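This report refers to the structure that appears directly beneath it.
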Protein chains: 2
Amino acid sequence: MDPHLLTTFVTVARHGSFSAAAAELGYTQSAVSQQIAALEADLGLALLGRRPVKPTAAGRRLLEHAGPLLLRLRAARADVLRAAAVPGHRLRLAATPLALNPVLAMRLARARAAQPRLEVTLHTRGAQEVAAMVAGGEADLGLADGIVAPSDPLRLPDTGPITTVGVTEEELVVALEAGHPLAGRASLRLADLVDARWLQTPLCPLTRLRDLVGEGFPVALDYRGDDVRTVANLVAAGHGLTLLPASALPPTPTAMAARGVPLGAPRLVHRVELLHGALPPGPAADLAHALSG
Amino acid sequence: MDPHLLTTFVTVARHGSFSAAAAELGYTQSAVSQQIAALEADLGLALLGRRPVKPTAAGRRLLEHAGPLLLRLRAARADVLRAAAVPGHRLRLAATPLALNPVLAMRLARARAAQPRLEVTLHTRGAQEVAAMVAGGEADLGLADGIVAPSDPLRLPDTGPITTVGVTEEELVVALEAGHPLAGRASLRLADLVDARWLQTPLCPLTRLRDLVGEGFPVALDYRGDDVRTVANLVAAGHGLTLLPASALPPTPTAMAARGVPLGAPRLVHRVELLHGALPPGPAADLAHALSG
DNA sequence: GCTAGTTACGGCGTCCGTAAGGATC
DNA sequence: GATCCTTACGGACGCCGTAACTAGC
């Protein structure tokens with residue numbers, strides 16, 4: 001159960017190929033084969049079926065543990081190093097596409113104005129990756145967003161010892177094309193839209209809506225990307241509906257733009273949370289404070 | 001950050017000595033010294049001060065991560081092996097001293113009567129150890145107890161992927177000596193007892209009461225053991241008060257025995273939870289079902 | 001000078017790479 | 001027969017033990 005072997009194992013499982021994993025990890029096929037053999041010998045179990053290379057039942061079980069385990073290992077290392085590091089003036093942020101909303105962008109700007117020497121780099125990633133980057137020390141601060149009932153916390157995957165604090169909550173709107181029959185309404189009830197045509201996007205996964213409201217929400221178009229403007233254009237062209245924070249749509253819609261109709265019921269908000277590890281006094285802690293408002 | 005080195009590190013930190021850790025781990029002093037040196041070199045930080053051997057700030061931080069990390073590693077291994085193991089007729093239970101109350105003892109007896117070939121071994125341990133044994137696969141089922149508001153879950157330390165289900169909740173009594181001025185009351189309010197003389201015991205840690213009610217609960221005697229009868233005898237002899245599940249005191253008190261006065265307020269119960277990992281069909285699953293009632 | 005951790009050095013085991021060997025499509 | 005994993009073998013490195021060294025009490 002050497003982490004080294006575990007890493008190789010998850011890589012092989014992910015690629016479904018020893019040789020591809022070897023290429024990614026910088027080993028030879030042979031080394032990977034030996035590592036898997038060693039892991040299987042250690043546990044006394046077959047973890048992978050060969051030809052095709054596919055996890056066995058035991059292998060799938062181990063895979064469920066291996067990811068979080070390796071993440072926690074990196075997180076521990078990062079945390080110890082972070083606590084001992086001298087705070088520099090380089091800050092690495094990671095945020096989901098909708099997390100850096102106007103309010104937070106403004107707070108970030110104010111914080112930077114107060115500390116002109118601060119160098120900031122920002123990465124856009126998925127929520128899980130943001131959490132993993134913060135836990136693993138690749139980012140100092142993370143921002144993740146999601147749709148929840150007011151003042152409920154986001155349900156982020158467990159990625160180890162991370163602190164999360166809510167920073168903003170914003171009204172949600174149903175985004176639909178300008179000519180849509182419902183576009184003129186003052187507000188909409190989600191329950192009335194279970195049979196509408198919906199966009200499946202990472203920004204508003206329909207599984208989340210089903211969790212909150214129940215079955216329904218058929219997929220009219222599945223967008224596998226994270227560009228908000230693309231989503232807005234898809235909506236405007238009538239490909240389907242989606243839920244967005246009000247600030248993600250232009251305030252004065254043109255003829256070609258998507259309309260946002262406030263979501264009346266259920267009471268849901270777009271929540272953004274700040275993620276961080278231990279914060280020794282320094283620019284990271286200052287910025288965390290600034291972003292929290 | 002090899003788990004091997006981590007294990008050595010926590011052992012050294014626990015003993016405050018390289019040589020003692022070496023003896024426990026079956027290494028030479030020299031090997032331990034080299035392992036710690038390797039870990040410190042890997043992180044680029046001093047983890048232990050020498051003479052006396054004591055963790056540095058970074059070392060303390062690493063210690064906080066190392067324990068859970070190593071536990072999860074063992075837990076992952078145990079889980080994979082457990083899922084693949086053929087169910088035998090040997091069952092290992094671990095329980096806190098107050099967890100195997102009369103109700104559960106009876107359920108266990110019924111389950112054993114139904115499966116006469118079942119061999120059961122039972123260990124009494126602290127709650128954290130019970131959880132660790134279950135997570136690490138050293139026990140098939142665990143029982144842990146604690147004091148909570150009705151139907152609240154116990155707050156067990158995070159010991160990895162473990163399932164917990166409540167199995168019993170029982171009335172709590174204030175245990176006090178027969179001649180105590182309050183012994184005749186029909187019920188007592190905990191808030192009125194914040195200034196009484198209390199026993200500090202692992203069975204009813206006063207910190208828990210302070211969590212629930214607030215400051216107070218001075219320590220009159222600190223018992224570092226887990227024997228319920230000893231606690232009852234201490235109470236009977238007037239060393240102090242404690243909280244016990246009603247079933248832990250004899251139902252018809254003699255002159256020398258401790259009295260139990262029902263706890264009227266706040267509404268608290270003695271809750272027992274069953275802990276287990278993944279349960280493939282077999283005796284362990286059957287017993288878990290039997291214990292759940 | 002005694003106790004306890006560190007450093008030097010040598011042997012053994014581990015792990016990887018090269019290359020040949022099978023198994024499956 | 002091509003692809004892909006496994007096995008055999010050799011070299012390098014890592015890790016531990018013995019033993020000499022050193023720092024505090």
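The sequence lines fix the lettering, A, B, ..., with proteins before strands; numbering per chain opens at 1. Because only heavy atoms are used, hydrogens play no part in the values below, and waters and symmetry mates are left out as well, while side chains stay in. As the structure is a prediction and not an experimental result, all values here were calculated from the model.
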Can you give me every donor-acceptor pair (side chain of residues 132-140 of chain A, partner residue at least two apart or in another chain, under 3.5 Å) with its distance?
unit_1	atom_1	unit_2	atom_2	d
Asp140(A)	OD1	Arg92(A)	NH2	3.0
Asp140(A)	OD2	Arg92(A)	N	2.8
Asp140(A)	OD2	Arg92(A)	NE	3.2

Under-4.0 Å side-chain N/O to phosphate OP1/OP2 contact, Gln35(B) with dC15(D): no
Side-chain N,O (Thr28(A)) to OP1/OP2 (dT18(C)) below 4.0 Å: no
Nearest-nucleotide 5' precedence on DNA chain C, Ser30(A) against Asp2(A): Asp2(A)
Short side-chain N/O contact to dC5(D) OP1/OP2 from Ser19(A), under 4.0 Å: yes
Integer-rounded Å distance: dG5(C) P and Lys54(B) NZ: 16 Å
Within the 6.0 Å centroid threshold, strictly below: His4(A) and Tyr27(A): yes
Spacing of Leu39(A) atom CG relative to dT14(C) atom P, expressed in whole Å: 16 Å
Ile36(B) CD1 to dC16(D) P, straight-line distance once rounded to whole Å: 11 Å
Rounded distance (Å) that lies between atom P of dA23(C) and atom CZ of Phe18(A): 16 Å
Among dC16(D), dT7(D), dC5(D), the one nearest Gln34(A) by side-chain distance: dT7(D)
Protein-nucleotide distance (Tyr27(B), atom OH; dG5(C), atom C1'), rounded to Å: 18 Å
For atom CG of Leu48(B) and atom P of dG5(C), their distance in whole Å: 10 Å
Sugar-phosphate, base or nothing in reach of Val53(B), heavy atoms under 4.0 Å: sugar-phosphate
Length of the line joining His4(B):NE2 and dT14(C):P, which is rounded to integer Å: 12 Å
OP1 or OP2 of dC5(D) under 4.0 Å from side-chain N/O of Gln29(A): yes
Proximity to the side chain of Ser17(B) - top-ranked nucleotide from dG5(C), dG17(D), dG17(C): dG5(C)
Touch class at under 4.0 angstrom, heavy-atom based, for Gly26(A) against every strand present: sugar-phosphate
Rounded interatomic separation in angstrom, taking CG from Leu25(B) and P from dC16(D): 11 Å
Pair listing, salt bridge (charged side-chain N to carboxylate O under 4.0 Å, His left out) test, anchored in residues 24-48 of chain A, at least two apart: Arg14(A)-Glu24(A), Glu40(A)-Arg50(A), Asp42(A)-Arg77(B)
Leu73(A) and Leu69(B), any side-chain heavy atoms less than 4.5 Å apart: yes
Residue pair Thr56(A) / Leu48(A), side-chain heavy-atom distance below 4.5 Å: no
